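Single-structure report; data block below.
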Amino acid sequence: MKPQASTGRAAAAAVLVALLVGGCAAVQGSVSDDGRSAEDGATAGEAPPRLEPWAAEAWDTYVSWAGSDDEHQAAEVLVAYAVNGGYSECMEAAGYPRPWQESISPPPVCKDGLLYSFWAGGRRDGYFSQTVINGEIGQRTEWASNAPGISGEGAEAASDCREANLAASDEAIGRYRNPRVVSRLQDAWAEALAPVLIAGGQPSAYDACIAETGILEKNRVDSVDELTDQLSDLMPVGTVPLGDEASTPEWDAYLAMEQEFVDADWGCRKEVRAGLADEVSQAMAGFRTAHGDQIRQAREHWDSVAAQAEDLGWTPDDPFAGADLPARPGT
């Protein structure tokens with residue numbers, strides 16, 4: 001018996017791409033000292049442009065309750081330990097090491113809380129490719145978990161250790177990833193940004209602009225949804241490079257397709273976005289005033305998550321707490 005894949009890594013194929021209000025997972029990037037978004041892992045395209053003051057304000061507001069990329073990765077460390085920590089320690093004591101760290105998931109991908117308003121969101125460089133990278137990690141983890149395992153006395157030890165160390169419940173896992181206060185604030189955030197969405201204008205104007213770029217015809221699809229579905233599809237395992245692995249022709253073609261869409265999408269939103277600064281600032285002020293106590297509670301949660309994960313060996317520079325990325329099958 002092997003460590004159970006914590007929900008997310010082995011099932012990373014299920015990560016859904018969110019385009020409109022309310023669909024974006026509570027994950028946010030960090031802002032470096034020069035004002036640029038800092039992306040972790042392999043992503044496509046240039047770094048997002050320097051954030052305008054109103055967008056930086058929204059970014060900080062969002063992260064304050066929704067958590068940063070690092071904090072969501074820390075939550076996945078706690079999830080993996082809750083699912084497999086006791087089992088792993090039992091197997092180690094029995095002489096059959098099964099590191100719980102190998103079941104740590106990457107978190108879902110969402111780089112810009114303003115995409116809840118659609119029009120006011122920034123460039124989406126690397127968003128789709130990071131989703132596919134996470135799917136690759138999930139596929140490789142699942143592939144490894146299906147490889148031949150231990151037998152004989154080792155199998156008996158695995159059975160005994162799992163029986164003595166049951167995995168955490170879905171409810172307990174959810175408290176790490178998306179506690180109730182964060183879930184409530186997600187709804188409130190979408191509501192706060194709804195006027196920004198309306199102020200941006202009819203979605204049909206965006207659809208018409210995208211159609212005029214020719215990108216839909218080039219990719220033989222009828223809508224942006226179909227194209228983003230293509231960009232979010234899993235690729236054959238092994239074709240997406242992780243870490244320092246060499247690229248593949250399939251991945252190079254994917255990155256070119258993603259960048260072409262990101263450029264078209266930005267071209268069709270940037271002028272509208274530039275006119276929404278006042279609306280976004282008003283929405284942020286109202287949100288912070290109405291939900292100050294809940295924001296503080298959510299912040300306490302993410303601070304606690306990071307501290308607990310650090311006790312288990314996690315740091316922002318070591319997101320899988322000492323575990324390596326899963327290798328390509330056959331290597």
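Nothing here was measured: the structure is a model prediction, and the numbers come from that model.
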Check: S88 side chain, G85 main-chain N or O, donor-acceptor pair, under 3.5 Å: no

Parallel, tilted or perpendicular: ring planes of F287 versus W65, cut at 30 and 60 degrees: tilted

Side chains of E102 and N84, donor plus acceptor under 3.5 Å: no

Pair Y116-E191, side-chain donor/acceptor within less than 3.5 Å: no

Path from Y206 to L227 over hydrophobic side-chain contacts below 4.5 Å: yes

Stepwise side chain to side chain contact (heavy atoms under 4.5 Å, CB included) check, Q186 with N178: CA-CA 10 Å; Q186 285 172 340; N178 195 38; 3.5 Å; yes

P236 backbone acceptor or donor facing T239 side chain under 3.5 Å: yes

Separation between CZ of R299 and OG of S304, rounded to the nearest 0.5 Å: 11.0 Å

Q297 side chain reached by R180 side chain, heavy atoms, under 4.5 Å: no

Reported OG-to-CG distance for the pair S223 and L216, which is rounded to 0.5 angstrom: 7.0 Å

ILVMFWY network linking V237 to L234, side-chain heavy atoms under 4.5 angstrom: no

Stepwise side chain to side chain contact (heavy atoms under 4.5 Å, CB included) test for E89 and Y81: CA-CA 10 Å; E89 291 163 3; Y81 188 78; 2.6 Å; yes

Check: S183 side chain, P179 main-chain N or O, donor-acceptor pair, under 3.5 Å: no

Ion pair R98/E92, N-O distance below 4.0 Å: no

Distance (rounded to the nearest 0.5 Å) between E279 CD and W54 CH2: 9.5 Å

Under 3.5 Å: donor-acceptor pair, side chain of T131, backbone of Y127: yes

Pair R220 + E226: basic N to acidic O under 4.0 Å: no

Atom CD of E250 with >12 non-hydrogen neighbours under 6.0 angstrom: yes

Minimum side-chain heavy-atom gap R184-H291 below 4.5 Å: no

Centroid-centroid under 6.0 Å between F128 and Y254 rings: no

Reported CG-to-CD distance for the pair D318 and E310, which is rounded to 0.5 angstrom: 11.5 Å

M235/I133 under side chain to side chain contact (heavy atoms under 4.5 Å, CB included): CA gap, chis, key distance, verdict: CA-CA 9 Å; M235 296 178 66; I133 287 167; over 6 Å; no

Enclosure of D311 CG (heavy-atom neighbours >12, cutoff 6.0 Å): yes

R124/D265 ion pair, N-O < 4.0 Å: yes

Pairwise distance CZ(F320) to CD(Q73) - rounded to 0.5 angstrom: 5.0 Å

Main-chain N/O of S68 paired to E71 side chain as donor or acceptor, under 3.5 Å: yes

Non-hydrogen side-chain atoms of K218 and M257 separated by less than 4.5 Å: no

Side-chain donor or acceptor of E258 paired with backbone N/O of S129 under 3.5 Å: yes

Side chain to side chain, V224 and F261, heavy atoms closer than 4.5 Å: yes

Check: W314 side chain, E76 main-chain N or O, donor-acceptor pair, under 3.5 Å: no

Short side-chain to backbone donor-acceptor contact, T213 and I210, under 3.5 Å: yes

Short side-chain to backbone donor-acceptor contact, D112 and G122, under 3.5 Å: yes

Path from L115 to V262 over hydrophobic side-chain contacts below 4.5 Å: no

Test side chain to side chain contact (heavy atoms under 4.5 Å, CB included) applied to R273 and W119, step by step: CA-CA 6 Å; R273 178 181 186 271; W119 292 107; 5.7 Å; no

Test item: H301 side-chain N/O and V182 main-chain N/O as donor-acceptor pair under 3.5 Å: no

Shortest non-hydrogen contact from V280 toward A58: CG1-CB, 4.0 Å

Note: E171-R175 ion pair, threshold 4.0 Å (strictly below): yes

Minimum heavy-atom distance A80-S103, with the two atoms named: CB-OG, 3.6 Å

Ionic contact status for R140 with E245, cut-off 4.0 Å: yes

Ring centroid separation Y62 to W59 under 6.0 Å: no

Residues R123, D263: salt bridge by 4.0 Å N-O rule: yes

Gap between atom CG of D160 and atom CD of E153 - 0.5 Å precision: 11.5 Å

Flag side-chain contact, heavy atom, 4.5 Å: I137 against P326: yes

